[in-house]
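Both counts, for ligands and for their atoms, begin at 1 and track the order of listing. Here the structure is a predicted model, which means the values were calculated and not measured. Any value given below was found using the heavy atoms of this structure, including those in side chains, with hydrogens, waters and symmetry copies removed.
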Amino acid sequence: MKDNNDILILGIESSCDETAASVVKNGRYVMSNIISSQIAIHTEYGGVVPEIASRKHIENIDYVIDEAVKGAGVTFDDIDAIAVTYGPGLVGALLVGVSEAKALAYALNKPLVGVNHIEGHICANYIHDINFEPPYVALVVSGGHSHLLYVKDYDSFEILGRTRDDAAGEAYDKVARSIGMGYPGGPKIDAAAQKGNAEAIEFPRVFLEENSFDFSFSGLKSAVLNYLNKMKMTNNEINPYDVAASFQKAVIEVLTQKTIAAAKFKGVKKVAMAGGVSSNSALRKEMKRLCDENEFSLNVPAPVFCTDNAAMIASAGYYEYIKGARSGLDLNANPNLKLGER
Ligand code: KG4
Ligand code: ZN
């Protein structure tokens, strides 16, 4: 249902391997959330194949958008603006969503708002808790990005740290592949780690320089590969559950301790997480434990809003829209779009 003062945003997301559309009311209330995942197709190749992703987006996008509008119990007339991810991501995949959004905006004569995918991930927190507001410290960990941010306001971010090499999700995916767990690695390692001993293997915790909020995961990934090679060469049996649990513990220790240090540094008592890796059960548990210990509140979206979805894009679009931000029909996909850049 839409009341007179309500603002409904149709969000469209196609930056990687999910074709998604969603209608969100006033930036906070999810009226529909349709996600068509291509995971099953890309699993066959051990990772996302960009060309296939683009083709599948084209096949799915009309249906996904129709379902989102229908599912919300509204019509296209009720939509106030169309928000679309225009970067960062795979250029061909992004172009499908951007072209579709532009065509819709033109045909329906509705405003168009280009959204940064990472800002979208952060906004998933506003859906999760309708009273959650900036300022806070956010750990954003996905397949392509790892950031520690001070979120000053809905559209204002200070980057405290970022990965210097692999993203956290990328490390999960690569390690999973090396122990034969396939794609996407994150959920597989999450499940496998529950059956393993996290103390079995001592992998490095890379904290970098004192007071640095940056991350580096490539050394840890190499340490896992070296361990596997050494075990194979000496004809020792590898316990993939122990490798998964020990690797995961090393990642989580660094992510959580740096996040807590960042919150202390900024003097805030509110912590949030976002991005696909924040759906990890052990990360959520350890972050909660440390936040409780430090008397910080912790906000984490439900797992379905941590991984790619369009509700988060509609929410981010709403905050841009009410600020007056509009994109022209010349909006283009920007695969390397940076946080805070327009
Ligand atoms: O945010 P997202 O869906 O897409 C990007 O924007 O990249 O994140 C995908 C990443 C993948 O690397 C995937 O392995 C990881 O998030 N991931 C997880 C879990 N679920 C997804 N990593 C750890 N534990 C999980 N449960
Ligand atoms: Zn994402």
Side-chain angles (χ1 to χ4, degrees), residues 11-20 22 33 35-39 42-43 46-48 50 53 57 84-90 93-94 97 115-125 138-147 162-163 166-179 181-194 196 198 215 217 220-221 244-245 247-252 254-256 272-287 300-316 335-337 339:
I12 300 174
E13 156 65 36
S14 71
S15 67
C16 191
D17 58 351
E18 327 278 358
T19 321
S22 164
N33 184 38
I35 304 170
S36 167
S37 174
Q38 306 174 5
I39 286 178
H42 297 291
T43 298
V48 178
H57 285 312
V84 64
T85 306
Y86 73 108
L90 301 169
L94 287 165
V115 169
N116 181 312
H117 182 79
I118 309 171
E119 294 180 21
H121 272 302
I122 297 164
C123 288
N125 281 287
L139 173 70
V140 186
V141 271
S142 71
H145 307 273
S146 300
H147 282 101
R162 54 156 68 93
T163 183
D166 292 353
E170 206 176 340
Y172 265 93
D173 293 338
K174 287 178 178 167
V175 166
R177 200 175 309 154
S178 71
I179 48 177
M181 287 184 182
Y183 170 86
K188 302 247 166 79
I189 293 217
D190 192 346
Q194 291 171 30
F215 302 108
F217 295 110
L220 171 59
K221 178 193 68 191
F247 157 77
Q248 175 163 280
K249 183 147 195 229
V251 174
I252 290 177
V254 176
L255 291 177
T256 52
M273 291 205 287
V277 181
S278 62
S279 63
N280 183 274
S281 56
L283 173 60
R284 296 164 82 98
K285 207 164 136 194
E286 178 61 4
M287 192 71 95
V300 196
V304 68
F305 294 118
C306 289
T307 45
D308 287 349
N309 65 87
M312 67 185 198
I313 302 304
S315 175
N336 301 313
L337 186 66
L339 195 70

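Within the 4.5 Å cutoff, the side chain of Glu18 has no heavy atoms near those of the Asn309 side chain.
Here the side chain of Thr307 pairs no donor or acceptor atom with the backbone of Gly276 at under 3.5 angstrom. Looking only at distances, a side-chain donor or acceptor of Ser14 sits under 3.5 Å from a matching main-chain atom of Gly97. Ser178 places a side-chain N or O within 3.5 Å of a backbone atom of Val175 that can act as its donor or acceptor partner. In this structure, Gln38 contributes its side chain and Ala53 its backbone to a donor-acceptor pair below 3.5 Å.
Atoms CD1 and OG, on Ile118 and Ser146 in that order, are 10.0 Å from each other to the nearest 0.5 Å. Interatomic distance, Ile12 CD1 to Ile313 CD1, rounded to the nearest 0.5 Å: 10.5 Å. Taking CZ from Phe217 and CG from Asp166, the interatomic distance works out to 9.0 Å, rounded to the nearest 0.5 Å. In this structure, Arg162 CZ and Leu339 CG are separated by 8.5 Å, a value rounded to the nearest 0.5 Å. To the nearest 0.5 Å, atoms CG (Asn125) and OG (Ser278) are separated by 8.0 Å.
When the options Leu94, Thr85, Asp308 are evaluated for a side chain to side chain contact (heavy atoms under 4.5 Å, CB included) with Cys16, the one that passes is Asp308.
Counting atoms of ligand 1 from 1 in the listed order, those under 4.0 Å from a heavy atom of His117 are 6 (O). Shown in contact with Gly144 at under 4.0 Å from a heavy atom are these atoms of ligand 1, numbered in order with element: 7 (O). The contact set between ligand 1 and Gly169, taken as ligand atoms under 4.0 Å from a residue heavy atom, comprises 12 (O).
In this structure, atom 25 (C) of ligand 1 lies nearest to the protein heavy atom Gly186 C, 3.6 Å. Shortest contact from atom 2 (P) of ligand 1 to any protein heavy atom: Asp308 OD1, 3.4 Å. The protein atom (non-hydrogen) at minimum distance from atom 9 (C) of ligand 1 is Gly143 N, 3.7 Å. Here the protein heavy atom with the shortest distance to atom 24 (N) of ligand 1 is Asn280 ND2, 2.9 Å. The closest protein non-hydrogen atom to atom 20 (N) of ligand 1 is Ser279 OG, 3.2 Å.
Selection from Pro303, Gly120, Gly276 by nearest heavy atom to atom 1 (O) of ligand 1 gives Gly276.
Considering only residues two or more places apart in sequence or on other chains, Lys249 meets the side chain to side chain donor-acceptor pair (under 3.5 Å) condition with Glu199.
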query: Given His117 and Glu13, is the side-chain contact (heavy atoms from CB on, under 4.5 Å) satisfied, shown in steps?
result: CA-CA 8 Å; His117 182 79; Glu13 156 65 36; 2.9 Å; yes

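Contacts with ligand 1 closer than 4.0 Å are made by side-chain heavy atoms of His121 only, the backbone lying farther away. Within the 4.0 Å heavy-atom criterion, the part of Asp173 lying near ligand 1 is the side chain and not the backbone. Heavy atoms of Glu18 found under 4.0 angstrom from ligand 1: none, in either backbone or side chain. In Asp190, the part holding a heavy atom less than 4.0 Å from any atom of ligand 1 is the side chain.
Where the criterion is an N or O separation shorter than 3.5 Å, residue side chain and backbone included, Tyr172 fails it with respect to ligand 1. Of the polar atoms of Gly275, none of the N or O atoms is found under 3.5 Å from an N or O of ligand 1, judged by distance alone.
Heavy atoms of other residues, nucleotides or ligands lying less than 6.0 angstrom from CZ of Arg284 number more than 12.
If you count the protein N, O or S atoms nearer to the Zn ion (ligand 2) than 2.8 Å, you get 3.
Under a 4.0 angstrom heavy-atom cut-off, Cys16 registers as lying outside contact with ligand 1.
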